[in-house]
There are 2 protein chains.
Amino acid sequence: MVVKVASVQDAARFPGLPLHPRTLKAFQSEFDLSPEALCTRMLQRHRDTIRTQKPHVAVARLVRIVQTTLALSNRKGFHSMSLRHLATASGLSMGALYTYFDSKDTLLLMILGEVSGAVSATLGSPPAALSEDPGKRLRWLLETHVYLTETMQPWFQFAYMEAKAFPKEGREKARRSELATEALIADALADGVRRGRFSAANVELTASLIKPLLQDWYVKRGKYRRRGVLPEQYVEAVTTFVENAILPRGQHGTRP
Amino acid sequence: MVVKVASVQDAARFPGLPLHPRTLKAFQSEFDLSPEALCTRMLQRHRDTIRTQKPHVAVARLVRIVQTTLALSNRKGFHSMSLRHLATASGLSMGALYTYFDSKDTLLLMILGEVSGAVSATLGSPPAALSEDPGKRLRWLLETHVYLTETMQPWFQFAYMEAKAFPKEGREKARRSELATEALIADALADGVRRGRFSAANVELTASLIKPLLQDWYVKRGKYRRRGVLPEQYVEAVTTFVENAILPRGQHGTRP
DNA sequence: ATTTTGTGAGCGAGCGCTCGTTTTTATTGA
DNA sequence: TCAATAAAAACGAGCGCTCGCTCACAAAAT
């Protein structure tokens, strides 16, 4: 499959939105979140349920299965996607599908597992240098979150839309992952407020206002694509918006 | 059904969040958005497909059907809700259901129709006095949107989660309604920027950042209920957050 | 007596899932 | 080098079941 990637230089059409220093590409060379890499980890995690022996075959098939599942589910919903349709669209047979998972729910949980795995692998390990600067820490969080969800957009859209509808294990995994992200934001905010760099009447509530700004990027990805907004521009817009919103009085517009 | 409403005075637990002048109750006495009122309009709009003759019977049954549909769908998804389950839970028979709609999709569209109807009835007619003050106009928009979606929370959650999965007519109705709301915000922003009261590098993008703040209130209503955040407090938090974010440099903290 | 409203077993279609069979791939021995 | 063989993977019709939906009939209201 050929993927067309818009170059960063294309972005000049919004002169009010300068490009952010760290690009999407820089993030992507830091973490390998390609479908192949994700499905390799998926195979490792589910060696017991996946009956295919040879890893290279298993990974190749998993990539096809997962990509097709995400494409079909994100259009019409996971529950509406029949396994017959998945089989046809992914070029496998019904029986072949069932050598990779033992039930439709397992397929869902396998995908959710990689999503929450990717979250803790990226957001879970912020550079140590940031711990003393809440401003940089917050900016790193926002930026990394947008780039992560940009790279795995169909996965995150899937997790957001389908997590509630399915087995208890999946729902709780999604809920915990969501709250963890919000806690990271709240921590950075609280640190900034303590040091007098931020102003927020209620840190938890402010954190829960920032979260939907990050989610909008992958939930409404189509809208932003249609409008020609690049990931780097969205990072810049969200960062400016949030930093102005929590800037202590009298320090307005003094970003380095 | 008895609904327990937290009084506005209960709100003292967040001292940092003063109550907003216009309360939810004031909004609710301005617009009748009770299930009965909504289902009465639903009956009027669908006299041809609803075979029940007596209006008071039809409205009573519609209320039961719609309330149950929203409850079941918002927990597990509309597609996962079987009509048998809906019949049992609403106390009607399979056949009785089909005197109120001619297909499951029609039921979905009937609900979506009332949601977009309510949006244009409330947000579509702002007080004329506001047109000269972009600050008040924006605040009225945010406040009215939160109160509207609070009053019809299950309806809006339903529309948000299910609109994409179903027939073209429903998807487009939802998309148009969403864009219209965003345009209202963008208009107020543009007016404020022109008058030098707001600062925003890109008005459209800023409007699309405000939208998810409003949606979060009804999509994640459970989270805010668990944390004891009242509608009035959320209005206050969003308003402060947004106003600080778009305040021109040097005018920080000068809200009336 | 007549109209209106409600009932729920039954219909065909399509669902998730299985398993006896076929096809493909890898390994072997001369 | 290349059939013969063994191991791995793919196949897809068919199973039991539930789905959305209908309709001959019963009950209730007028």
Side-chain angles (χ1 to χ4, degrees), chain A residues 39 42-43 46-66 68-69 72-73 75-111 162 165-167 170, chain B residues 39 42-43 46-66 68-69 72-73 75-111 162 165-167 170:
Chain A
C39 288
M42 197 182 260
L43 173 60
H46 297 89
R47 272 240 174 277
D48 48 333
T49 39
I50 297 175
R51 296 207 308 272
T52 301
Q53 299 300 314
K54 311 199 174 178
H56 74 279
V57 176
V59 170
R61 298 292 180 277
L62 273 178
V63 169
R64 285 206 63 79
I65 293 172
V66 171
T68 312
T69 300
L72 296 179
S73 295
R75 197 137 25 102
K76 288 288 182 178
F78 182 72
H79 192 92
S80 298
M81 175 194 74
S82 78
L83 291 181
R84 276 170 186 78
H85 192 181
L86 173 60
T88 317
S90 65
L92 297 176
S93 66
M94 288 290 293
L97 288 183
Y98 273 83
T99 60
Y100 296 95
F101 50 78
D102 53 17
S103 80
K104 201 184 174 189
D105 278 15
T106 300
L107 172 59
L108 180 109
L109 290 177
M110 285 165 70
I111 296 176
E162 309 294 347
F166 269 88
Chain B
C39 289
M42 197 181 262
L43 174 60
H46 297 89
R47 270 240 176 276
D48 47 335
T49 40
I50 297 175
R51 298 208 306 273
T52 302
Q53 299 301 316
K54 309 196 177 181
H56 73 279
V57 177
V59 170
R61 299 291 179 278
L62 272 177
V63 169
R64 286 206 64 80
I65 292 172
V66 171
T68 312
T69 300
L72 296 179
S73 295
R75 197 137 23 102
K76 289 287 183 180
F78 182 72
H79 193 94
S80 297
M81 174 196 75
S82 77
L83 290 182
R84 266 170 256 274
H85 192 180
L86 174 59
T88 320
S90 65
L92 297 177
S93 66
M94 288 289 291
L97 287 183
Y98 273 83
T99 59
Y100 296 95
F101 49 79
D102 52 18
S103 80
K104 201 184 174 189
D105 278 16
T106 300
L107 172 60
L108 180 109
L109 290 176
M110 285 165 71
I111 296 175
E162 309 294 348
F166 270 89

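Numbered from 1 within each chain, the chains take letters A, B, ... in sequence-line order.
Arg64(B) places its CZ atom 13 Å from the P atom of dG6(C), with the value rounded to the nearest Å. dC17(D) atom C1' lies 18 Å from atom NE2 of His85(B), rounded to whole Å. When rounded to the nearest whole Å, the span between CG of Leu83(B) and C1' of dC19(D) equals 9 Å. One can place NE2 of His79(B) at 10 Å from C1' of dG14(C), the figure rounded to the nearest angstrom. Atom C1' of nucleotide dT5(C) and atom CZ of Arg61(B) are separated by 9 Å, given to the nearest angstrom. Atom CE of Met94(A) and atom C1' of dT21(C) are 17 Å apart (whole Å). Between Arg51(B) atom CZ and dT7(C) atom P there is a gap of 14 Å when expressed in whole angstrom units. Atom CD1 in Ile65(B) sits about 13 Å away from atom P in dT5(C), given to the nearest Å.
Side chain Arg84(B) to base dG20(D): a donor-acceptor pair is found below 3.5 Å.
Judged purely by atom type and a 3.5 angstrom limit, His85(A) has no side-chain atom pairing as donor or acceptor with the backbone of Met81(A). Counting only distance, with no hydrogens or angles, the side chain of Arg64(A) and the backbone of Ser90(A) share a donor-acceptor pair below 3.5 Å.
For the OP1/OP2 pair of dC11(D) and a distance below 4.0 Å, the side-chain nitrogens and oxygens of Ser93(A) include at least one atom meeting the criterion.
Nearest-nucleotide positions on DNA chain C for Ala96(A) and Ser80(A) put Ser80(A) closer to the 5' end. Of the two residues contacting DNA chain D, namely Lys54(A) and Ser82(B), the nearest-nucleotide position lying further toward the 5' end is that of Lys54(A).
The residue Tyr100(A) sits close only to the backbone: its heavy atoms come under 4.0 Å of sugar-phosphate atoms, none of a base.
Considering every non-hydrogen atom in both His79(A) and Ser80(B), the closest pair reads ND1-OG, 3.3 Å. Contact detail for Glu162(A) and Leu108(A): the closest heavy-atom pair is CB-CD1, 4.0 Å.
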